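This structure is a prediction, so every number in the text was calculated from the model and none was measured.
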Amino acid sequence: MPRRTREFRPMDSIVMGRSQNSDLTPEQREALGFSRHYQGDPLNPRNRSANIPEEESCSLYIQHLPPGMTEKRLLDELQKYAPFGKVNQTWVRPHDPNRGHPFSAAKLVMFERAGAEKVHTFVKNGGLVFDGIEAIIRWNTQRVPARSVTDPKHWYMTRVLKIWGPKKLVNVKFLYDHWNNKIQFTTQNIYHIAETPTVSCLIWVFGSMRHQAELAYLALKELADQHVDFEYAEDPLAERP
């Protein structure tokens with residue numbers, strides 16, 4: 001496990017609130033290769049489309065999702081039909097009839113191309129249905145390479161953290177507040193593994209590894225000298241239900 005330090009420094013790519021480039025016009029976003037309604041930072045190199053062929057990309061775009069769709073609901077449904085592989089990033093674009101979007105849509109980035117192809121085939125064959133609405137999938141124009149290509153040393157990372165230690169620190173309220181003051185994140189599920197009057201253990205499944213679980217892991221290092229231990233755990237979309 002990497003050496004622990006008490007100081008937490010968020011990555012430059014994390015966005016607190018709206019992007020500092022939210023004043024860009026829709027035309028400027030499109031000129032940079034992004035959607036007109038993209039809410040991230042188009043000027044951050046980490047958010048740009050990779051210069052790779054489409055057949056090497058792990059990024060998917062899922063459309064025709066019902067209004068009110070959330071990362072949790074999307075991942076919960078896909079989990080029923082696992083295994084697909086590890087999830088790198090999930091983002092849902094809410095429906096917005098005023099902008100011509102009667103349905104929600106989602107960006108889903110897998111760790112590896114093989115996992116992305118499994119999801120693509122599953123949805124393409126009509127496997128993803130919400131409220132009687134069949135989802136539509138295509139390869140995202142914003143291409144993302146496999147993690148084994150861009151960061152092979154950290155292949156062990158996932159969007160899931162297993163945390164154990166003093167009950168006063170390892171509980172949902174304390175951890176949520178601890179992270180919420182530092183990063184933006186979504187939660188798919190939380191599983192309580194074990195608990196005694198003084199010690200507890202839980203598994204926290206984030207919506208994304210990138211920008212979420214990876215930063216939550218770094219923030220936990222602040223608690224290391226208070227006997228809180230943690231490690232990455234298996235992604236439920238990489239396991240059979």
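- Looking only at distances, a side-chain donor or acceptor of W179 sits under 3.5 Å from a matching main-chain atom of A216.
- The CD atom of Q212 lies 4.0 Å from the OG1 atom of T186; values are rounded to the nearest 0.5 Å.
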N140 vs K107, side chain to side chain donor-acceptor pair (under 3.5 Å): CA-CA, chis, key distance, verdict: CA-CA 8 Å; N140 197 349; K107 172 185 176 181; over 6 Å; no
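- No option in E71, Q79, R73 other than Q79 meets the side-chain hydrogen bond (donor to acceptor under 3.5 Å, both in side chains) test with Q188.
- Judged by distance alone, with hydrogens and angles left aside, the side-chain atoms of S208 form a donor-acceptor pair with the main-chain N or O of T90 at under 3.5 Å.
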From CA spacing to verdict: side chain to side chain donor-acceptor pair (under 3.5 Å), Y61, R93: CA-CA 10 Å; Y61 194 64; R93 187 213 68 204; 3.3 Å; yes
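- By the 4.0 Å N-to-carboxylate-O rule, K173 lies close enough to D177 to be salt-bridged with it.
- Taking the six-membered ring wherever Trp is involved, the centroid distance between the rings of F103 and F130 does not fall below 6.0 Å.
- Here the side chain of N125 pairs a donor or acceptor atom with the backbone of T121 at under 3.5 angstrom.
- With E214 contributing its side chain and H211 its backbone, the two residues share a donor-acceptor pair below 3.5 Å.
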K182 vs E222, salt bridge (Lys or Arg N to Asp or Glu O under 4.0 Å): CA-CA, chis, key distance, verdict: CA-CA 12 Å; K182 299 173 174 65; E222 297 177 349; 3.4 Å; yes
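- Looking only at distances, a side-chain donor or acceptor of R113 sits under 3.5 Å from a matching main-chain atom of S57.
- A salt bridge is absent between K86 and E112; no separation between the charged side-chain nitrogens and carboxylate oxygens falls under 4.0 Å.
- With F206 as the aromatic partner, R159 does not meet the cation-pi criteria of under 6.0 angstrom to the ring centre and within 45 degrees of the ring axis.
- When all heavy atoms of H227 and P166 are compared, the closest pair comes out as O-CD, 3.3 Å.
- Annotation: cation-pi pair K162/W204 absent, no NZ/CZ under 6.0 Å from the ring centroid and within 45° of its normal.
- Rounding to the nearest 0.5 Å places CG of L161 at 11.5 Å from CD1 of I190.
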